[in-house]
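All figures in this text were calculated on a predicted structure; none of them were measured in a lab.
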Amino acid sequence: MTSQGFPRGCRLHLKNDFKSIIHDGKRVQGPGLVLWWKPAPLGKNDRKMGLVVSRKLGSAVVRNRVKRLLREAFRLNRERLQSGIGYVFSPRNSEILDTAASAESAMLGLCERAGLLMKAREMDEKSAVPK
């Protein structure tokens, strides 16, 4: 059974990491959400997520709620996402991302459009335990 937490190692922290992904990575925009992604350097096989939230989104309460919802959506679905990639999400419309289900569908929709979701067969192969 995998851990259900969102450990520090799964988060982007450094300003240079954010800059690198946003400036050198690829971008996909959907309703209410933008995704930038970039493969991690060789040898790094983890999935890291960062959030960039503008004050234009709303008050601190609104911004924090949207961040919480997107972190939870990422946490629940990180096994479905390709490993070795840095993800940066930027919410643009808090009304579209007002529930956990809508945040999750927006995030997964962007990842699917970008081709970053693992296929069911790949997930089965990954979870298969060698005998």
Side-chain angles (χ1 to χ4, degrees):
M1 184 170 162
T2 60
S3 171
Q4 291 297 311
F6 192 61
R8 184 174 175 86
C10 290
R11 302 178 203 157
L12 289 172
H13 294 282
L14 301 177
K15 184 177 183 178
N16 287 338
D17 291 342
F18 280 92
K19 274 186 171 182
S20 171
I21 291 172
I22 290 172
H23 292 291
D24 301 332
K26 296 180 182 177
R27 177 183 177 199
V28 173
Q29 186 169 353
L33 192 63
V34 177
L35 164 65
W36 290 275
W37 78 95
K38 180 181 172 188
L42 291 177
K44 296 197 176 186
N45 218 14
D46 50 354
R47 303 161 188 92
K48 291 195 172 199
M49 183 190 93
L51 292 168
V52 177
V53 182
S54 171
R55 287 190 190 146
K56 293 178 185 179
L57 191 66
S59 67
V61 173
V62 171
R63 293 192 307 266
N64 287 333
R65 177 171 171 73
V66 169
K67 288 191 290 188
R68 211 169 38 247
L69 292 172
L70 287 171
R71 272 195 307 265
E72 180 68 4
F74 184 83
R75 183 187 71 82
L76 292 174
N77 294 289
R78 76 176 166 216
E79 295 300 320
R80 296 178 61 191
L81 300 173
Q82 288 183 8
S83 60
I85 295 184
Y87 300 87
V88 174
F89 293 95
S90 180
R92 299 296 166 97
N93 187 342
S94 62
E95 293 173 359
I96 292 176
L97 304 172
D98 60 347
T99 65
S102 63
E104 185 174 7
S105 67
M107 186 194 81
L108 289 175
L110 284 181
C111 290
E112 187 174 11
R113 280 181 44 197
L116 299 171
L117 285 181
M118 290 184 2
K119 311 266 186 296
R121 186 180 49 147
E122 292 172 352
M123 289 179 60
D124 291 341
E125 290 172 1
K126 183 183 168 216
S127 65
V129 179
K131 293 182 180 180

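Proximity of a side-chain donor or acceptor of R63 to a complementary backbone N or O of G58 within less than 3.5 Å is detected. A donor-acceptor pair is defined here as one N or O able to donate and one able to accept, closer than 3.5 Å; such a pair exists between the side chain of R47 and the backbone of L81. The backbone N or O of H13 lies less than 3.5 Å from no partner atom in the side chain of R8, so there is not a single donor-acceptor pair. Under a 3.5 Å cut-off, the side chain of S90 and the backbone N or O of V52 do form a donor-acceptor pair.
Both L117 and F74 are part of a single hydrophobic cluster, where members link through side-chain heavy atoms under 4.5 Å apart. Hydrophobic clustering (ILVMFWY, side-chain heavy atoms < 4.5 Å, transitive): I85 and L108 are in one cluster.
At most 12 non-hydrogen atoms from other residues, nucleotides or ligands lie less than 6.0 angstrom from CD of E112.
Remark: M49 CE to M107 CE distance equals 8.0 Å, nearest 0.5 Å. Note that NZ of K26 is 14.0 Å distant from CD1 of I21, once rounded to the nearest 0.5 Å. Between the OH atom of Y87 and the CD atom of Q82 there is a distance of 6.0 Å, given to the nearest 0.5 Å. The OG atom of S83 sits 11.0 Å away from atom CG of L116, with the distance rounded to the nearest 0.5 Å. We find the CZ-CG distance between F89 and L51 to be 8.0 Å, quoted to the nearest 0.5 Å. Here the CD1 atom belonging to I96 is positioned 9.5 Å from the CG atom belonging to L33, to the nearest 0.5 angstrom.
Shown here for S94 and L57, the closest heavy-atom pair between the two residues is N-CD1, 3.5 Å. Residues L97 and G32 come closest through the heavy atom pair CD1-O, 3.5 Å. Of all heavy-atom pairs between A114 and V28, the closest is CB-CG2, 3.8 Å. Of all heavy-atom pairs spanning L12 and G50, the tightest one is CD1-N, 3.7 Å.
Considering only heavy atoms from C-beta on, P31 stays 4.5 Å or farther from N93 through its side chain. Side chains of R92 and V34 form a contact here, defined as non-hydrogen atoms less than 4.5 Å apart. Proximity of V88 to W37: side-chain heavy atoms (C-beta onward) are nowhere separated by under 4.5 Å. Side-chain contact between D46 and C10: absent, with no pair of heavy atoms (C-beta onward) separated by less than 4.5 Å.
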Could you go through the side chain to side chain contact (heavy atoms under 4.5 Å, CB included) check for L35 and C111 one step at a time?
CA-CA 8 Å; L35 164 65; C111 290; 4.1 Å; yes

Derivation and outcome, side chain to side chain contact (heavy atoms under 4.5 Å, CB included), residues L70 and E104:
CA-CA 7 Å; L70 287 171; E104 185 174 7; over 6 Å; no

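Residues S105 and S102 bring no donor and acceptor atom of their side chains to less than 3.5 Å of each other.
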